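For reference, positions follow the sequence shown, starting with 1. As the structure is a computational prediction, the values presented were derived from the model and not from experiment.
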Amino acid sequence: MNVFNRLAPFIQDFIYQSKWEELRGIQVAACEVIFDSDDNLLLSSGTASGKTEAAFLPVLTELYQKPSRSVGVMYISPLKALINDQFKRLELLLTDSNIPVCKWHGDASTTKKNELIKHPEGIIQITPESLESLLTNKRGACLQMFSDLRFIIIDEVHQFMRDVRGVQLLCLLERLQMLTGVIPRRIGLSATLGDVSLAQTWLNTGTDRACAAPITDEGKKRIKLHIERFVNLHDQRDVANSDSSDNTISTGGDMGNREHYKYLFKMTLDKKTIIFTNSREETELVMANLKEIALQNKAPDVYRVHHGNVSALIRETTEDEMKSADEKIVTGATVTLELGIDIGSLDQAVQIGAPLTVSSFAQRLGRCGRRGQIPQLLFTFVEDIRINSADTLGPINWDFIRTIAIIELYTKDHWMEPIYPHNHAYNLLYHQTMSHLKSSGELSPARLAQTILSLGCFKQISQNEYKHLLTHLINIEQLQRTERGGLIIGREGEKIVNNHHFLTVFLAPEYLLVKDENRVIGTVDKVYPVGIRFALAGVTWETVDVNIKSKVIFVKRVPGISVVDWNVDFDAELHTTLVRKIRSILQTDMQYPYLSERCRERLTEIQYIARNSGILEYLITPLSDTKYAVFPWVGTRQLLTLHYALMKRNIKNKLPWITCVYLEVNYNGTADELRSIIDDILRSNLNLYDLPLSDKVQINGKYNEFIPLDLLRKQFIEDYLDFEGLKEVVFTAPWLKQLSN
């Protein structure tokens, strides 16, 4: 019997009515795993490849044929917007099924939620935070709601894996299993996975099941890529009579910026487009300039802004506008439109500057090319070039080279970054401890440790470490000992667990609401006084009143272009494979057809500089009499390990910027002497716990303030530094012979 004939009648009818010609390969493979095994299932394929249907078609068939005595399917998403989007698709599919579906998040109907508690059935769509709330505050209801839960579908698995919310989610699923005694099958969906086996391990955590990951031949896909470059020229020279501390004379000013905005306007005219940037500030600035150019050219205002600080209503309106075929909307976005929210078919996507990672590039490329179109992605760069710069390596645009490396790794090598596990997430250990105590009430330390440390995410954490954490939490009154020797939440802990922000495990600054009369525009993280102008949601606003107590800024709309900034650290990490690809691009003469003429000329110039500087052949390159560049060509984790190892030898050094591929070292000796020191470090039995790490060096995390500093230090050492990886790469590098001379 073929797969189609095994599907429920209402699904067969839906397929006929939707005029599908056939089931896709991934849908057939998913059905075979669900129908013919008891395995978990990981579906990894490109955006718009039919993954969601691949998961739901067999799962709903099983639920239709063998109705559950409670909620039968739990769909978990990282975004409320994604839940709302999938809800509409599921409602259509379930029209004739008698299987209800219920959204469960902060904005969903309370009436519908209460109905589900009284009569649990069908499908629940939920976020990790809402599941946390259910398990913590409605433990009894959870037992009834999920007593016969059959399947858990986790969307955007890669997003959860790289984030602490993924640790939270796995803990919640295991706590639910402990409560109900039921171990549902898990189905993970992802468009961008570098190492599938790591995702299988993650998905299986706490289930003792195998995980199938069927590979389907999607065939070679054509893509259209183009990179264009613009230049702001500055002439740097000594100016004896200048009153300014800035001795830069502008020869071109922001000419490159102006040319860039005009180019974007032309390239997006009458084309449905997402313009991706790497920051909310840049998104606001780009879209404001496009609006201004459109106004000057009497073109329609089709420019929208979509990021996390724009109000949900404005974001949803933008998504609806993009779905509509009536207007060719151009939307500036950050990561908020990387995920699989259905915005219909795009004509193209634009990336301003370098994507942070290969997986980010894959996500953004996947947003276009739906419904049979060829994916089309345009990259643009604006460079600030300083004439007569004395810095040898200064003229190298590393972001530009990284972009080429990312494209080559994805399109030619079919590689994406593996996602490392969070083995020592002590802040999540704190959070789950407090959540479990709030849910269960008083527990003995032994019972609490047995429950929490049995969770798969905490298997690398010892009983002594947990005892150390609990003792610390008692001392700071997060926990309290009872007369019977048990543990309950302490006086200070009550303030944390009773705050609605306790449900979230990700860092988020305190925001102020921005309102135009009663309409919410979005949020900012600083007070803009009365009369000050700033940008938000693609519009310039002027503050008319500020209510500090209520944390509200009242504004009015004004013409012109303004700026806004958010106090958020730039977060990026380069993998060794990506860094080595950067080196190979600088070393070879390969032609890249997606480069414009200006970009080809720039690449040739950069390659010439790199080859003549010695950085491709030697570990150490002199920059001045006492300054050296160290190029081991390793990833950020390995480079930071060498940084701290040199600091231990009292050798000052730094990463000049967050995505730098080399160390800048201040050293009074010769290059040979420095080379010998690095050789000695690499051949030593370096103890990472002896490195001179400051207390401020830690993996950022909410609730770190409640964790002993020695545990935060251990988390950084164990989960981030990589001495073995550093040695492995350098010892197999062609310049190793230079170390021993």
Are a donor atom and an acceptor atom from the side chains of [X] and [Y] found within less than 3.5 Å of each other?
X	Y	answer
N40	N204	yes
T334	N278	no
E494	N498	yes
Y466	T433	yes
Q168	E132	yes
K702	T504	yes

Inset, instruction - Could you tell me if the ring centre of H431 sits under 6.0 Å from that of F502? - result: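 Ring centres of F502 and H431 closer than 6.0 Å.
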Legend entry - Aromatic centroids of W202 and H158 separated by under 6.0 Å: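 Between W202 and H158, which both carry aromatic rings, the centre distance is not below 6.0 Å.
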Legend entry - Lys/Arg-Asp/Glu bridge criterion (N-O < 4.0 Å) met for E129, R165: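 Counted as a salt bridge, because a side-chain N and a carboxylate O are separated by less than 4.0 Å.
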Inset, instruction - Flag the pair E115 and K118 as a salt bridge only when some basic side-chain nitrogen lies within less than 4.0 angstrom of an acidic carboxylate oxygen. - result: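 The answer is no: the pair does not qualify as a salt bridge.
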Legend entry - Student check: side-chain heavy atoms of Q86 and S77 closer than 4.5 Å: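 When only atoms from C-beta onward are counted, S77 and Q86 do not touch, as no gap falls below 4.5 Å.
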Legend entry - Residue pair R637 / T576, side-chain heavy-atom distance below 4.5 Å: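 A side-chain contact under 4.5 Å is absent here.
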Legend entry - Ring geometry between Y75 and F56 (parallel below 30°, tilted from 30 to 60°, perpendicular above 60°):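 Ring orientation of F56 relative to Y75: tilted.
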Inset, instruction - Take the angle between the ring planes of Y703 and F706 and call it parallel below 30°, perpendicular above 60°, tilted in between. - result: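 Rings of Y703 and F706: parallel, as their planes differ by under 30°.
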